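If you're wondering where the values come from, they're calculated on a predicted model, not measured in any experiment. Chain letters run A, B, ... following the sequence lines, proteins first, then strands; residues in each count from 1. Note: hydrogens, waters and symmetry copies are ignored here, and every other heavy atom, side chains too, is used.
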Protein chains: 2
Amino acid sequence: MSRAANRAYSVIRDRILSGELPAGAQLGEEALADLCGVSRTPVRDALRRLEGELLVKRSDSQRCFVADWSIDDVADAFELRAMLEGHAARRAADRMTEAALQRLRAANSAIREAISAEPADITGFLEHNRAFHGLILESAQSPRLAALLATLIEQPVVWRTAHHYGREALRRSHGEHEELLAAFARRDGAWAEAVMVAHIRRAFHAYADAHHGLGAIDGQGR
Amino acid sequence: MSRAANRAYSVIRDRILSGELPAGAQLGEEALADLCGVSRTPVRDALRRLEGELLVKRSDSQRCFVADWSIDDVADAFELRAMLEGHAARRAADRMTEAALQRLRAANSAIREAISAEPADITGFLEHNRAFHGLILESAQSPRLAALLATLIEQPVVWRTAHHYGREALRRSHGEHEELLAAFARRDGAWAEAVMVAHIRRAFHAYADAHHGLGAIDGQGR
DNA sequence: GCTGTTTATATTGTATACAAATTGAACTGG
DNA sequence: CCAGTTCAATTTGTATACAATATAAACAGC
């Protein structure tokens with residue numbers, strides 16, 4: 001996608017993720033065009049992409065709004081992500097080359113360094129974490145699986161959450177990655193899948209605890 | 001989506017599914033616009049939708065082509081579909097209302113009638129089969145799951161295949177639906193999931209047998 | 001004869017003007 | 001005061017013109 005469309009996509013996405021455009025806010029094409037300094041045409045493209053990623057919802061008659069992610073929606077997305085990434089891990093265990101395994105180890109080392117930095121380098125953590133999961137997905141060799149997961153990993157939620165993680169949680173994440181590496185090294189797909197599912201489901205609960213209190217779910221959405 | 005965009009979508013989609021636009025054929029926006037009798041703008045929208053459904057592939061630099069589905073691609077898609085619809089069946093078993101169960105029974109009865117017609121009413125079969133699976137997905141109550149499956153169920157492949165099915169295969173499909181209904185009636189999610197996974201994986205092998213011979217896979221794509 | 005560059009052509013990206021449709025408010029009749 | 005209707009304002013859909021870019025062909029130099 002080219003300049004203007006990408007620009008529109010990035011700007012709108014950032015405004016949604018930062019909360020500047022709150023859940024439920026109407027996304028008029030002309031207003032967004034002004035905001036991004038482009039015409040309506042690329043804005044329309046951007047809205048379609050964002051709609052595919054479920055950050056934008058279309059009303060019955062084609063008006064766009066910022067999607068609101070209730071805790072149930074988030075749970076739903078995490079559950080699917082756990083299933084799909086678990087499946088990816090299983091496939092990857094059977095297909096991973098030695099070179100890919102090396103790169104995976106390097107990625108997790110980079111994660112460890114980001115965590116150990118003072119203060120912890122959250123941006124670096126996110127970046128390398130993304131690379132780690134991306135490499136597994138690559139080794140799974142299923143373009144369709146990758147396409148499906150793409151709509152789930154770019155959640156509004158994940159990004160805002162990581163900054164709330166303590167060093168404790170980050171270390172645990174790193175440790176689970178180490179266990180994944182061990183499973184890959186042994187070519188044990190079932191093990192890899194189980195670890196991955198646990199890894200992601202734990203991430204969900206970390207999110208839920210941080211955003212909705214440790215006790216019951218408050219039910220009022222985000 | 002409105003008139004012209006829908007029109008473009010339908011026309012292009014039909015041409016792809018019918019094989020009139022063969023795999024690998026370039027999809028120039030202007031040519032398609034002429035073909036559909038609309039301007040390039042709605043064609044672009046249609047191409048985006050079709051790209052999401054993986055019927056259209058974009059080259060490195062934004063040129064569109066008819067996607068080619070190799071047997072590996074089809075296997076990949078069916079595997080994911082089995083997993084996701086299995087998951088949907090499990091969820092549906094816990095959430096299905098009595099009313100939904102009734103509608104599901106009605107849908108399968110309609111399927112039986114379509115099969116029994118002389119000659120077998122393939123179009124009716126497909127329609128009611130679609131409704132059957134749609135109802136389960138609805139009862140699963142996971143919008144995101146529905147969105148993911150939407151990209152997998154509309155395969156070029158499925159439609160062209162059903163016409164090759166014998167009455168035998170259609171009846172088996174109906175029988176598996178009956179077993180699903182039993183699982184739903186008992187609220188046995190694990191049973192429902194297992195039956196659904198088997199149902200879809202069998203469908204894949206029926207496809208593979210019909211299109212690539214019963215023995216080894218020929219590997220030359222469709 | 002081959003490689004790298006230039007130029008022409010084809011194709012997609014963007015902006016804008018206008019048409020169609022939807023929403024919401026003002027208004028009329030009861 | 002409320003229901004239904006009409007009309008204005010807002011918003012999205014479509015067409016078209018033009019700009020930017022990529023592909024492919026012609027060509028020059030080696």
Side-chain angles (χ1 to χ4, degrees), chain A residues 1-16 20-68 143 147 150-151 154, chain B residues 1-16 20-68 143 147 150-151 154:
Chain A
M1 230 150 223
S2 37
R3 232 179 66 259
N6 270 323
R7 179 183 170 73
Y9 171 78
S10 301
V11 170
I12 298 168
R13 184 166 181 279
D14 287 350
R15 301 279 168 132
I16 292 175
E20 211 166 329
L21 288 169
Q26 184 168 1
L27 298 170
E29 292 177 0
E30 187 136 3
L32 293 175
D34 291 348
L35 179 70
C36 305
V38 298
S39 85
R40 274 177 53 210
T41 312
V43 167
R44 292 177 116 256
D45 281 9
L47 284 176
R48 262 192 215 302
R49 271 170 80 183
L50 291 164
E51 189 190 357
E53 294 170 12
L54 300 175
L55 264 79
V56 164
K57 182 175 73 83
R58 254 178 221 274
S59 82
D60 49 345
S61 215
Q62 302 300 111
R63 279 171 164 72
C64 289
F65 301 87
V66 178
D68 59 332
T151 75
E154 288 283 355
Chain B
M1 233 151 221
S2 37
R3 232 180 63 257
N6 269 323
R7 179 183 171 73
Y9 171 78
S10 301
V11 170
I12 299 168
R13 183 167 181 280
D14 287 350
R15 303 278 168 130
I16 293 175
E20 209 165 330
L21 288 169
Q26 183 169 359
L27 298 170
E29 293 177 359
E30 189 138 358
L32 294 175
D34 291 348
L35 179 71
C36 305
V38 298
S39 84
R40 273 178 54 210
T41 312
V43 167
R44 292 178 117 253
D45 281 9
L47 285 176
R48 266 200 208 300
R49 272 170 79 184
L50 292 164
E51 188 190 358
E53 294 169 13
L54 300 175
L55 263 79
V56 164
K57 183 174 75 80
R58 252 175 223 275
S59 83
D60 49 343
S61 215
Q62 302 299 111
R63 279 171 164 72
C64 288
F65 302 87
V66 178
D68 59 332
T151 74
E154 289 285 352

Review item, nucleotides 15-21 of chain D N/O atoms under 3.5 Å of protein N/O:
unit_1	atom_1	unit_2	atom_2	d
D:dA15	OP2	B:Ser39	N	2.6
D:dA15	OP2	B:Ser39	OG	2.9
D:dA15	N7	B:Thr41	OG1	2.8

Notebook entry, point to check: How close do B:Ala23 and B:Ala67 get, heavy atom to heavy atom, and via which atoms?
Noted result: CB-O, 3.9 Å
Notebook entry, point to check: Who pairs with B:Arg15 by side chain to side chain donor-acceptor pair (under 3.5 Å), at least two apart in sequence or on another chain?
Noted result: B:Glu20
Margin query: To the closest 0.5 Å, what do you measure between CG (B:Leu21) and CG (B:Leu55)?
Written below: 10.5 Å
Next item on the list: Return the value, rounded to whole Å, for the distance between atom CZ of B:Arg7 and atom C1' of C:dA20.
Entry: 17 Å
Next item on the list: Write down the distance between CG (A:Asp34) and C1' (C:dT14), rounded to a whole number of angstrom.
Entry: 15 Å
Margin query: Could you work out how much the helix from C:dG1-D:dC30 to C:dG30-D:dC1 bends, comparing the axis of its first five pairs with that of its last five, to 10°?
Written below: 0°
Check: What residues form a side-chain contact (heavy atoms from CB on, under 4.5 Å) with B:Ala25, not counting sequence neighbours?
Finding: B:Pro22, B:Val66
Item checked: Neighbours of DNA chain D within residues 24-32 of chain B, by heavy-atom distance under 4.0 Å -> none
Next item on the list: Please check the phosphate of D:dT11 (OP1 and OP2 only) for any side-chain N or O of A:Gln62 closer than 4.0 Å.
Entry: no
Margin query: Suppose the criterion is salt bridge (Lys or Arg N to Asp or Glu O under 4.0 Å): which pairs have a residue in residues 23-44 of chain A, not counting sequence neighbours?
Written below: A:Glu29-A:Arg40, A:Glu29-A:Arg44, A:Arg44-B:Asp45
Check: So A:Arg13 and A:Arg49, side-chain contact (heavy atoms from CB on, under 4.5 Å) or not? Walk me through it.
Finding: CA-CA 10 Å; A:Arg13 184 166 181 279; A:Arg49 271 170 80 183; over 6 Å; no
Note to self: Please report the distance, rounded to the nearest Å, between CZ in A:Arg44 and P in D:dT11.
What the structure shows: 14 Å
Notebook entry, point to check: Between A:Glu51 (CD) and D:dT12 (P), how many Å, whole number?
Noted result: 13 Å
Notebook entry, point to check: When you look at B:Tyr9 and B:Leu50, which way does the side-chain contact (heavy atoms from CB on, under 4.5 Å) test go after all the steps?
Noted result: CA-CA 8 Å; B:Tyr9 171 78; B:Leu50 292 164; 3.5 Å; yes
Notebook entry, point to check: Just how far, in rounded Å, is P of C:dG13 from OH of A:Tyr9?
Noted result: 17 Å
Note to self: Set out, in order, the CA-CA distance, both residues' side-chain angles and the distance that settles side-chain contact (heavy atoms from CB on, under 4.5 Å) for A:Val43 and A:Leu27, then state yes or no.
What the structure shows: CA-CA 10 Å; A:Val43 167; A:Leu27 298 170; over 6 Å; no
Next item on the list: Round to the nearest Å and state the distance from B:Asn6 atom CG to D:dG13 atom P.
Entry: 11 Å
Checklist line | A:Arg7 (side chain) donor-acceptor with A:Cys36 (main chain) under 3.5 angstrom | finding: yes
Next item on the list: Grab the CZ-C1' distance between B:Arg49 and D:dG13 for me, whole Å please.
Entry: 14 Å
Margin query: Just to verify, what does A:Thr41 make a side-chain contact (heavy atoms from CB on, under 4.5 Å) with, not counting sequence neighbours?
Written below: A:Ser39
Check: Which residue pairs pass the salt bridge (Lys or Arg N to Asp or Glu O under 4.0 Å) test when at least one of the two sits in residues 57-67 of chain B, sequence neighbours left out?
Finding: B:Glu51-B:Arg58
Check: How close or far is atom C1' of C:dT12 from atom CZ of B:Phe65, stated in whole angstroms?
Finding: 12 Å
